[in-house]
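Below is one structure, written out as structure tokens, with a few remarks after it.
Note: hydrogens, waters and symmetry copies are ignored here, and every other heavy atom, side chains too, is used. Remember, it's a predicted structure, so these values are computed and weren't measured experimentally.
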Amino acid sequence: MTLLTQEQVAEFSDRGYLVIDNIFDSETDLSPIIEEYLGVLERLAQELYAQGQIKSLYGDLPFEQRLIAIYQDSGKVHGQYFNPSLPVEGLRENTPYWAGAAVFRALRHKRLLDAIECIIGGEIYAAPILYTRIKPPEHLTPHDSMGRLLLGKTLIHQDNAGLLPEADETQMLTVWFPMKDATVENGCLCVWPGSHHLGLLPHRLDRGRPYIPTEYLKIAGEPVPVPVKQGSVLFMDKRTIHASYPNYSQEVRWSFDCRYNPTNQPKVREFFPGFVARSYQHPETELQDPREWDRQWKKAREKLAKEGTVKFHRWTENETLSDSTN
């Protein structure tokens, strides 16, 4: 189904990003995700309380306030409990994640796939690079032993930097959507329009996170803020330079970001389980059972916990590979 106009597709091609409103319905699509995460937070609270890491379950607080209280009391950020995917490094057989049915339904949402189809075609693979970002206000977020914020603004980068070279030509599309309005004050994204035309710029790593050194940003122009309303979706080219603002508000900023690519192109992070979200050529290959999706993640966790760390970055800590631009 054609959801985007030709003008919108042309805008995406030219600017490297596009916001489309009213993809998700707040009640029927997003509320079930919130309900699932209430259970995830309860499980986290129970585990930390049993381990003596927090002095209360904070069960009388609403979700956002309870999350903040648990993070502050434990002195840690427990974001992995909420992620629909696993970490690449430090993986154990009991590493938490959340591959719930409501999240799965959002990843396969018809209107979302209709929009994606307009950009990359109708053979759509949901790549296993997906996260939920639940960011408390920075002044209420714990710091590490060196005084560094444990969860803050996203560094300036291109999503292509998270791929290995063999997937550089894969037409990976970033899909970002907030669970509530994302504003400049609570830490929405900012993008560098047209920066995807520059190719992949050199990156360095900061605590395992790729970022573009300042000297390489001079050719990229100036960023623009991209507020996104609840129910709307931000699409980005894999080489669009972007970052996020700090959360200076009094509320949690909650968003999902995920990746899609054509099924016939090299996969990204093959050691994790992606799935066919839509196929006209081979509809029988579409994954429609969220329980199977969860089972595949459990199987990958068991396998990788035994085998150890896999190759993840082309970059090294505090070192730029200047010959990686293409």
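Both Trp176 and Tyr17 belong to a common hydrophobic cluster when Ile, Leu, Val, Met, Phe, Trp and Tyr are linked at side-chain heavy-atom distances under 4.5 angstrom. Cluster annotation: Val268 and Val88 are assigned to distinct hydrophobic clusters (Ile/Leu/Val/Met/Phe/Trp/Tyr, side-chain heavy-atom contacts under 4.5 Å, transitive). One hydrophobic cluster, built from ILVMFWY side chains closer than 4.5 Å, cannot hold both Met172 and Ile116; they sit in different ones.
Closest of all the heavy-atom pairs between Ala99 and Trp297 is CB-CD1, 4.1 Å. Taking each heavy atom of Ala106 and Leu112 in turn, the nearest pair found is O-CD2, 3.5 Å. Between Tyr81 and Val40, the closest heavy-atom pair is O-CG1, 3.4 Å. Shortest non-hydrogen contact noted between Pro266 and Asn261 is O-ND2, 4.5 Å. The two residues Asp114 and Arg278 come nearest to each other via the heavy atoms OD1-NH1, 2.9 Å. Of all the heavy atoms in Pro202 and Tyr216, the pair that sits closest is CG-CE2, 3.7 Å.
Using a 4.0 Å cut-off between a side-chain N of Lys or Arg and a carboxylate O of Asp or Glu, Asp29 and Arg111 do not qualify as a salt bridge. Using a 4.0 Å cut-off between a side-chain N of Lys or Arg and a carboxylate O of Asp or Glu, Glu292 and Arg295 qualify as a salt bridge. Checked for salt-bridge contact, Glu64 and Lys180 meet the test: a charged N lies under 4.0 Å from a carboxylate O. Between Asp144 and Lys76, no side-chain nitrogen of the basic residue sits less than 4.0 Å from a carboxylate oxygen of the acidic one, so the salt-bridge criterion is not met. For Arg301 and Glu307, the salt-bridge test fails: no basic side-chain N is under 4.0 Å from an acidic carboxylate O.
Rounding to the nearest 0.5 Å gives a distance of 4.5 Å between CG of Leu155 and CZ of Arg209.
Using modelled atom types, one side-chain atom of Thr95 and one backbone atom of Arg92 make a donor-acceptor pair closer than 3.5 Å. At distances below 3.5 Å, at least one donor-acceptor pair connects side-chain atoms of Gln158 with backbone N or O atoms of Arg239. A donor-acceptor pair is defined here as one N or O able to donate and one able to accept, closer than 3.5 Å; such a pair exists between the side chain of Asn247 and the backbone of Lys135. In this structure a side-chain-to-backbone donor-acceptor pair under 3.5 Å is missing from Arg253 to Thr183. A donor-acceptor pair under 3.5 Å links the side-chain atoms of Thr240 to the main chain of Gly16, judged by distance alone. Between the His203 side chain and the Leu201 main chain, a donor and an acceptor come within less than 3.5 Å of each other.
Side-chain contact between Ile70 and Leu48 is present, with heavy atoms from C-beta onward closer than 4.5 Å. The shortest side-chain heavy-atom distance between Ile124 and Tyr260 falls under the 4.5 Å cut-off. Side chains of Glu123 and Gln281 form a contact here, defined as non-hydrogen atoms less than 4.5 Å apart. Pro193 is listed as a side-chain neighbour of Val224, based on a closest heavy-atom distance under 4.5 Å. Here the side chains of Val252 and Leu67 are in contact, with some heavy-atom distance below 4.5 Å. Put simply, the side chain of Leu173 reaches to within 4.5 Å of the side chain of Phe12, judged on heavy atoms. Between Arg269 and Ile129 the shortest side-chain heavy-atom distance falls below 4.5 Å. Looking at heavy atoms from C-beta onward, Leu107 lies out of side-chain contact with Phe256 at the 4.5 angstrom threshold.
Checking Gln51 against Glu47 by side-chain atom types alone, no donor-acceptor pair falls below 3.5 Å. One side chain, Glu251 or Asn186, offers a donor N or O that lies under 3.5 Å from an acceptor on the other. Looking only at atom types and distance, the side chain of Ser249 has no donor-acceptor partner in the side chain of Glu185 under 3.5 Å away. Judged purely by distance below 3.5 Å, without hydrogens or angles, the side chains of Ser85 and Asn83 never pair a donor atom with an acceptor atom. Under the 3.5 Å distance criterion, with hydrogens and angles disregarded, a donor-acceptor pair is assigned to the side chains of Asp294 and Tyr97.
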Exercise for the section: Evaluate the criterion salt bridge (charged side-chain N to carboxylate O under 4.0 Å, His left out) for residue pair Glu302 and Lys298; output intermediate values, then yes/no. Expected result: CA-CA 6 Å; Glu302 180 182 1; Lys298 284 186 170 66; over 6 Å; no
Practice task
With side-chain hydrogen bond (donor to acceptor under 3.5 Å, both in side chains) as the test, would you mind laying out the steps for Gln72 and Tyr58 before giving the verdict?
Solution key: CA-CA 12 Å; Gln72 288 187 317; Tyr58 302 102; over 6 Å; no
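Ring-centre distance between Phe63 and Tyr37: not below the 6.0 Å cut-off.
No more than 12 heavy-atom neighbours from other residues, nucleotides or ligands sit within 6.0 angstrom of OH on Tyr49. Sparse packing is recorded around CZ of Arg291, with 12 or fewer heavy atoms of other residues, nucleotides or ligands lying under 6.0 Å away.
Applying the side chain to side chain donor-acceptor pair (under 3.5 Å) test to residues at least two apart or on different chains, the pairs with a partner in residues 219-232 are Asp21-Ser232, Ser26-Gln230. Note on residues 65-75: pairs passing salt bridge (Lys or Arg N to Asp or Glu O under 4.0 Å), not counting sequence neighbours, are Glu42-Arg66, Lys55-Asp73.
Residues meeting the ring-ring contact (aromatic ring centres under 6.0 Å, His included) test with His242, sequence neighbours left out: His157.
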